[in-house]
Protein chains: 2
Amino acid sequence: MARAATTSDVFNAIAEPQRQEILVLLRAGERAVTELARELGMTQPRASKHLRVLREVGLVRDRKAGKQRLYGLDARGLRPVHEWTGGFERFWNESFDRLDAYVQDLKQARQEE
Amino acid sequence: MARAATTSDVFNAIAEPQRQEILVLLRAGERAVTELARELGMTQPRASKHLRVLREVGLVRDRKAGKQRLYGLDARGLRPVHEWTGGFERFWNESFDRLDAYVQDLKQARQEE
DNA sequence: CAATAATATGCCGATATCGGCATGTGTAAA
DNA sequence: TTTACACATGCCGATATCGGCATATTATTG
């Protein structure tokens with residue numbers, strides 16, 4: 001077995017930096033593939049492939065417009081990720097405190113040497 | 001080139017379901033490797049490897065306790081992910097509206113046939 | 001020190017990923 | 001219909017992943 005399929009898994013889909021860029025770009029509005037590729041400095045096939053993944057997990061939708069195909073954001077799939085990480089909200093402060101206390105202890109110990 | 005290294009990348013680290021489980025479990029408190037492996041039904045080497053990844057991206061910290069090694073949560077690294085997805089918060093409602101409008105249009109169109 | 005327990009690692013196999021390049025498919029205009 | 005443009009796909013190579021198994025490594029105990 002290897003890694004879980006990137007398709008049908010939003011977590012994996014957004015783990016790719018270039019796909020993140022695409023999503024961010026699409027916040028500014030729909031884009032045709034070539035346009036998007038140009039703005040992000042990637043080749044057209046590359047853009048198409050990433051868009052395919054994003055489409056398959058439902059993060060983007062496409063519609064035909066003449067000979068172009070416009071891709072638009074459908075961010076609903078990001079909500080579960082937001083909520084999942086949100087489940088750790090109280091921990092990332094707490095962890096901070098603990099680390100802080102730990103650092104204090106270290107200082108203390110060092111002075112007592 | 002292949003996929004971005006899972007190490008040193010929180011997005012990739014949490015894209016693995018089993019690692020997600022580990023993080024969730026660790027919210028309940030520190031765990032030794034074997035203990036954790038047992039609770040999640042995975043082999044020890046498997047647990048160790050996932051913990052290594054999580055450690056390398058800074059999502060867990062470990063400390064020695066006798067012949068055991070206790071792993072604890074350090075959720076600070078999840079904050080950027082939470083914030084990044086949060087940047088789409090206003091879109092996942094808006095997208096919904098658009099879809100809704102789209103569906104309405106379809107209904108309308110169908111009735112006019 | 002020897003024996004044991006708890007972890008970490010190394011190596012392997014199967015598979016999936018991402019990028020490039022060439023080429024298919026589809027649509028529109030001449 | 002031919003031409004041209006926009007996009008999708010297929011195949012390949014290089015690499016990374018994850019799991020299993022066996023085996024280090026490290027720490028405790030007798």
Side-chain angles (χ1 to χ4, degrees), chain A residues 1-23 25-26 29-73, chain B residues 1-23 25-26 29-73:
Chain A
M1 299 137 214
R3 155 170 262 155
T6 138
T7 188
S8 84
D9 179 345
V10 175
F11 278 88
N12 270 291
I14 66 170
E16 229 291 334
Q18 307 218 49
R19 287 196 287 263
Q20 291 178 19
E21 291 182 51
I22 291 177
L23 293 175
L25 178 61
L26 290 183
E30 288 181 327
R31 288 284 190 291
V33 178
T34 307
E35 205 176 345
L36 188 150
R38 187 175 41 73
E39 296 189 54
L40 295 180
M42 53 177 93
T43 63
Q44 175 267 309
R46 199 151 126 196
S48 280
K49 285 172 184 172
H50 283 310
L51 285 167
R52 180 171 166 54
V53 173
L54 292 172
R55 193 195 329 142
E56 288 180 345
V57 300
L59 287 174
V60 302
R61 277 177 293 149
D62 60 311
R63 66 186 182 82
K64 291 195 285 187
K67 64 173 105 173
Q68 295 192 317
R69 181 168 289 266
L70 298 181
Y71 279 87
L73 189 60
Chain B
M1 298 137 216
R3 156 172 260 157
T6 139
T7 188
S8 83
D9 181 343
V10 174
F11 279 88
N12 270 291
I14 67 170
E16 228 292 334
Q18 308 219 48
R19 287 197 286 265
Q20 291 177 19
E21 291 183 49
I22 292 178
L23 292 176
L25 178 61
L26 291 183
E30 288 182 326
R31 286 286 189 293
V33 179
T34 307
E35 204 176 346
L36 187 150
R38 186 175 41 73
E39 296 189 55
L40 295 180
M42 52 177 94
T43 63
Q44 174 267 311
R46 199 151 126 195
S48 280
K49 284 172 184 172
H50 282 311
L51 285 167
R52 181 175 169 47
V53 172
L54 292 173
R55 193 195 328 139
E56 288 180 345
V57 300
L59 287 174
V60 302
R61 276 176 294 149
D62 61 310
R63 68 186 180 83
K64 291 194 288 188
K67 62 173 107 176
Q68 294 191 319
R69 182 168 289 266
L70 299 181
Y71 279 87
L73 189 60

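A quick note: this is a predicted structure, and the numbers were derived from the prediction, not measured. In what follows, every chain begins at residue 1, and chains take the letters A, B, ... in the order their sequences are listed.
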Per the side-chain contact (heavy atoms from CB on, under 4.5 Å) rule, which among A:Val33, A:Thr34, A:Leu40 passes with A:Leu36? A:Leu40
In Å and rounded to the nearest 0.5 Å, what is the CZ to CG distance from B:Arg55 to B:Asp62? 5.0 Å
Taken to the nearest 0.5 Å, the spacing of B:Leu25 CG from B:Leu73 CG works out to 10.0 Å
Tell me whether the OP1 or OP2 atom of C:dC18 has a side-chain N or O from A:Arg19 closer than 4.0 Å. yes
For the helix from C:dC1-D:dG30 to C:dA30-D:dT1, what angle separates the axis at the start from the axis at the finish, each from five pairs, in steps of 10°? 10°
Return the NZ to CD distance between A:Lys49 and A:Gln44, rounded to the nearest 0.5 Å. 9.5 Å
A:Gln68 side-chain N/O to C:dA28 phosphate OP1/OP2 under 4.0 Å: no
B:Glu30 atom CD is separated from C:dA6 atom P, nearest whole Å, by 17 Å
Can you tell me the distance, in whole Å, between the CG atom of B:Asp9 and the C1' atom of D:dA16? 13 Å
Below 4.0 angstrom from OP1 or OP2 of D:dT17, is there any side-chain N or O of B:His50? no
Could you go step by step and tell me if A:Leu59 and A:Leu23 meet the side chain to side chain contact (heavy atoms under 4.5 Å, CB included) rule? CA-CA 8 Å; A:Leu59 287 174; A:Leu23 293 175; 4.1 Å; yes
Give one of base, sugar-phosphate or nothing for B:Ala47, where a contact means two heavy atoms less than 4.0 Å apart. nothing
Given atom CG of B:Asn12 and atom C1' of D:dT17, what is their separation to the nearest angstrom? 10 Å
A:Ser48 near the nucleic acid: base, sugar-phosphate alone, or nothing, with a heavy-atom cut-off under 4.0 Å? base
Interatomic distance, A:Arg31 CZ vs D:dC7 P [rounded to whole Å]: 13 Å
Ignoring hydrogens and angles, tell me if any N or O in the side chain of A:Gln68 forms a donor-acceptor pair with the backbone of A:Ala65 under 3.5 Å. no
Has A:Tyr71 got a side-chain N or O lying under 4.0 Å from the OP1 or OP2 atom of D:dA6? no
Between CE of A:Met42 and C1' of C:dC18 the distance, given in whole Å, is 12 Å
When rounded to whole Å, the CD to P distance for the pair B:Gln18 and D:dT17 reads 15 Å
Could you go through the side chain to side chain contact (heavy atoms under 4.5 Å, CB included) check for B:Glu30 and B:Arg63 one step at a time? CA-CA 10 Å; B:Glu30 288 182 326; B:Arg63 68 186 180 83; 2.9 Å; yes
Taken to the nearest 0.5 Å, the spacing of A:Gln18 CD from A:Arg46 CZ works out to 4.5 Å
Round to the nearest Å and state the distance from B:Ile22 atom CD1 to C:dT7 atom P. 13 Å
For the OH atom of B:Tyr71 and the CZ atom of B:Arg52, what is their distance to the nearest 0.5 Å? 9.0 Å
From C-beta outward on B:Val33, which listed nucleotide comes closest to its side chain: C:dA8, D:dA8, C:dT9? C:dA8
Euclidean distance, atom CD of residue B:Glu16 to atom P of C:dT17 [Å, nearest integer]: 13 Å
Quick one: does any side-chain atom of B:Arg19 pair with a main-chain N or O of B:Ala13 as donor and acceptor, under 3.5 Å? yes
Where protein sits on nucleotides 20-27 of chain C, one letter per nucleotide: B base, S sugar-phosphate only, - none, heavy atoms under 4.0 Å: BBB----S
